[in-house]
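Please read the structure below before turning to the comments.
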Amino acid sequence: MDISRTHLIEDLNSSMEGQNIIFGGWIVDLRKLGKMAFLTVRDVTGMCQVIVKGDSMNLLEGLNRQSVVRISGKIQTSKAKDFDFEVAAIEIQVLAKAEYPLPIDPIGRLESDIDNRLNARALDMRNQKTASIFKLRHYVLSSIRETLSEKKFIEITTPKIIGSASEGGANLFGLDYFGNQAYLAQSPQLYKEQMTIGLERVFEISGFYRAEKSHTGRHLSEFTSVDIEAAFMDYTDVMDVLESLIIDVFRKTSEKCNTEQENIGHTIQVPDSPFERVTYSQALDELKNNDLKLEFGDDLMDSHLRKLGDIHTGFYFLTDWPMKLKPFYIHEKDDDPTLSRSFDLQYGYLELSSGGRRLHDPEQLKARLKEQELDPVNFADHLESFDWGMPPHSGWGLGLDRLMTVLIGIDNVREVVLYPRDPDRLKP
RNA sequence: GCCCUUGUAGUAUAGCCCGGUCCAGAAUUCGGCCCUGUCACGGCUGAGACGCGGGUUCAAAUCCCGCCGAGGGCGCCA
């Protein structure tokens with residue numbers, strides 16, 4: 001079976017009139033008008049109209065919507081509203097037939113439930129709205145890689161199967177590793193810090209895992225994290241990196257992705273910079289003025305973040321958190337050891353990223369582990385690297401899926417993840 | 001773990017509150033017939049549904065209970 005194409009649909013144009021071409025794709029629509037018929041066919045690059053008439057009408061035998069076809073035909077001018085040329089069919093070959101009933105409407109004229117769409121995710125990609133979300137995701141990833149590469153960050157890949165769950169924090173997924181207990185990594189934190197020893201600036205874009213039974217539009221058991229770690233940078237320096245990365249993402253997608261924006265019905269607005277920087281203490285004062293009283297050292301609950309999000313719409317940094325709210329590796333401030341060199345990047349109430357300056361002195365790090373009732377013995381491998389010339393360093397982790405929801409103006413990460421994993425969804 | 005909402009054809013929905021007018025209605029999809037410029041083609045025609053189980057009642061899609069599924073929120077989330 002010959003499956004070759006001479007052209008992608010985007011390569012076809014009206015100046016090719018009279019030329020014979022072969023292209024392939026999926027039948028979007030099929031309109032039979034007695035002794036003639038119109039087909040619209042889509043490939044990944046676009047859609048075009050095919051006309052069938054006269055003796056060729058027998059070519060329509062066995063055709064239905066969403067089947068894959070290979071069409072040879074001749075380019076001619078068109079009277080269609082949406083096309084200035086069309087393909088007069090000479091031969092239509094059905095490469096694979098779509099079997100009805102299909103579980104969702106792939107055209108998207110009727111928007112199917114997210115549940116049905118996720119169960120038929122591959123077919124959902126025929127819906128241009130969904131496809132555009134994932135094309136945008138591709139551009140976002142490539143923008144992030146560009147920005148970080150320009151800033152001399154090296155992309156790394158750290159292990160996802162790890163041997164120790166002693167770091168505290170979120171629950172991990174356990175698994176059997178040839179008879180030993182292993183876990184799925186919840187973050188590249190320790191590995192990326194270690195890599196600053198030789199590579200100075202590193203980043204990773206990867207899936208990580210948290211075994212939390214969260215039921216919200218912003219949590220998944222498997223999520224994609226963008227992480228950086230950089231030697232000789234303080235927390236404000238990596239905040240600048242994060243801010244320019246975000247601006248680049250919005251600027252590049254808003255400029256390049258016109259079709260995608262049109263398909264999702266959302267215009268990407270490049271945020272103003274610099275982002276507002278609000279200290280934890282300022283946030284407490286603002287909450288107090290809104291009758292939400294907190295003591296220094298209290299963590300900000302969802303209701304508090306929603307209030308802050310009302311005050312600071314859009315992107316803003318929440319900085320200088322109390323040390324007691326931060327993990328063991330975070331560095332304190334010089335002028336006030338109860339405060340940390342740390343930040344969260346917020347979009348309204350939504351936390352997108354958190355990061356900060358890390359401790360690089362092994363003795364301080366050991367002391368902090370004990371303070372947080374963690375056993376340094378469990379961190380022996382990690383601590384050893386701190387004896388090999390660990391530079392002062394800072395970094396952050398950014399939730400890519402959450403960033404995507406902000407970029408395209410929706411409020412559920414399941415829309416921007418191909419096959420989301422949550423406590424109630426393991427398949428497909 | 002707690003709370004709220006919800007389940008009607010392939011899809012997406014009307015009906016439910018206020019039981020009888022519903023052997024469940026319109027759309028789209030799918031099948032058949034007609035149609036030579038459609039473009040959400042049109043016309044005629046056909047097929048297709050009350051999540052499961054129990055209860056109340058003369059009567060249940062509608063009210064109640066249980067189960068199952070789905071959506072969302074809180075909490076959790078170095």
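Bear in mind that the values here come from a model prediction, so they are computed numbers and not experimental data. Per chain, numbering begins at 1; letters A, B, ... match sequence-line order.
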Atom pairs and distances, side-chain donor-acceptor, residues 293-302 of chain A, under 3.5 Å, sequence neighbours left out:
| unit_1 | atom_1 | unit_2 | atom_2 | d |
| --- | --- | --- | --- | --- |
| D298(A) | OD2 | E295(A) | N | 2.8 |
| D302(A) | OD1 | R218(A) | NH2 | 2.9 |
| D302(A) | OD2 | R306(A) | NE | 2.7 |

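- With rA40(B), rC77(B), rC74(B) as the choices, the nucleotide that has an atom nearest any side-chain atom of R218(A) turns out to be rC74(B).
- Counting only Watson-Crick or G-U wobble pairs whose defining distances are both under 3.5 Å, the stems of 3 or more consecutive pairs in RNA chain B are B:1-7 with B:68-74, B:30-34 with B:42-46, B:51-55 with B:63-67.
- Here L102(A) lies in heavy-atom contact (under 4.0 Å) with sugar-phosphate atoms only.
- Judged as a side chain to side chain donor-acceptor pair (under 3.5 Å), the pairs with a partner in residues 81-90 of chain A (not counting sequence neighbours) are, in order, Q49(A)-E86(A), Q76(A)-E86(A), S78(A)-E86(A).
- Taking atom P on both nucleotides, rU8(B) is separated from rG51(B) by 6 Å, rounded to a whole Å.
- Around CD of Q372(A), the count of heavy atoms belonging to other residues, nucleotides or ligands within 6.0 Å exceeds 12.
- Contact of Q49(A) with rU38(B) (side chain to base): a donor-acceptor pair of N or O atoms is detected under 3.5 Å.
- Residue N116(A) places at least one side-chain N or O under 4.0 Å from the OP1 or OP2 atom of rA12(B).
- Looking at D336(A) and K333(A), no side-chain N of the basic residue comes within less than 4.0 Å of a carboxylate O on the acidic one, giving no salt bridge.
- For S187(A) against rA78(B), a side-chain N or O and a base N or O form a donor-acceptor pair under 3.5 Å.
- S214(A) contributes a side-chain N or O that forms a donor-acceptor pair with the base of rC76(B) under 3.5 Å.
- Aromatic ring centroids of F223(A) and H219(A) lie 6.0 Å or more apart.
- Evaluation of the ring pair (Phe, Tyr, Trp, His ring centres under 6.0 Å) rule for H312(A) yields Y316(A) as partners, not counting sequence neighbours.
- Y209(A) pairs by the side-chain hydrogen bond (donor to acceptor under 3.5 Å, both in side chains) definition with E222(A), not counting sequence neighbours.
- Not counting sequence neighbours, S221(A) has no partner by the side-chain hydrogen bond (donor to acceptor under 3.5 Å, both in side chains) test.
- Of the residues in residues 292-320 of chain A, M301(A), D302(A), R306(A) come within less than 4.0 Å of RNA chain B through at least one heavy atom, sorted by number.
- Taking atom NE2 of H215(A) as the reference point, atom C1' of rC74(B) lies 12 Å away to the nearest angstrom.
- The base of rG10(B) lies outside donor-acceptor range of the side chain of E99(A), with no N or O pair under 3.5 Å.
- In this structure, K427(A) places its NZ atom 15 Å from C1' of rG69(B), rounding to the nearest Å.
- Here R358(A) pairs with E229(A) under the salt bridge (Lys or Arg N to Asp or Glu O under 4.0 Å) rule; sequence neighbours left out.
- If you check residues 50-61 of chain A against RNA chain B, the residues with a heavy atom closer than 4.0 Å are I51(A), K53(A), listed by number.
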Its contact letters, B for base, S for sugar-phosphate only and - for none at protein heavy atoms under 4.0 Å, make nucleotides 26-33 of chain B read -B-SS---

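- Side chain of S353(A) to main chain of G397(A): a donor-acceptor pair is present (N/O by atom type, distance under 3.5 Å, no hydrogens or angles).
- Salt bridge status for E155(A) with R145(A): present, with a side-chain N to carboxylate O gap under 4.0 Å.
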query: Does the pair D124(A) and T130(A) meet the rule for a side chain to side chain donor-acceptor pair (under 3.5 Å), with working shown?
result: CA-CA 7 Å; D124(A) 191 31; T130(A) 308; 3.1 Å; yes

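- Interface residues of residues 230-240 of chain A facing RNA chain B, ordered by number: none; criterion, heavy-atom separation under 4.0 Å.
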What protein N or O atoms touch nucleotides 43-49 of chain B N or O atoms at under 3.5 angstrom, if any, and at what distances?
none

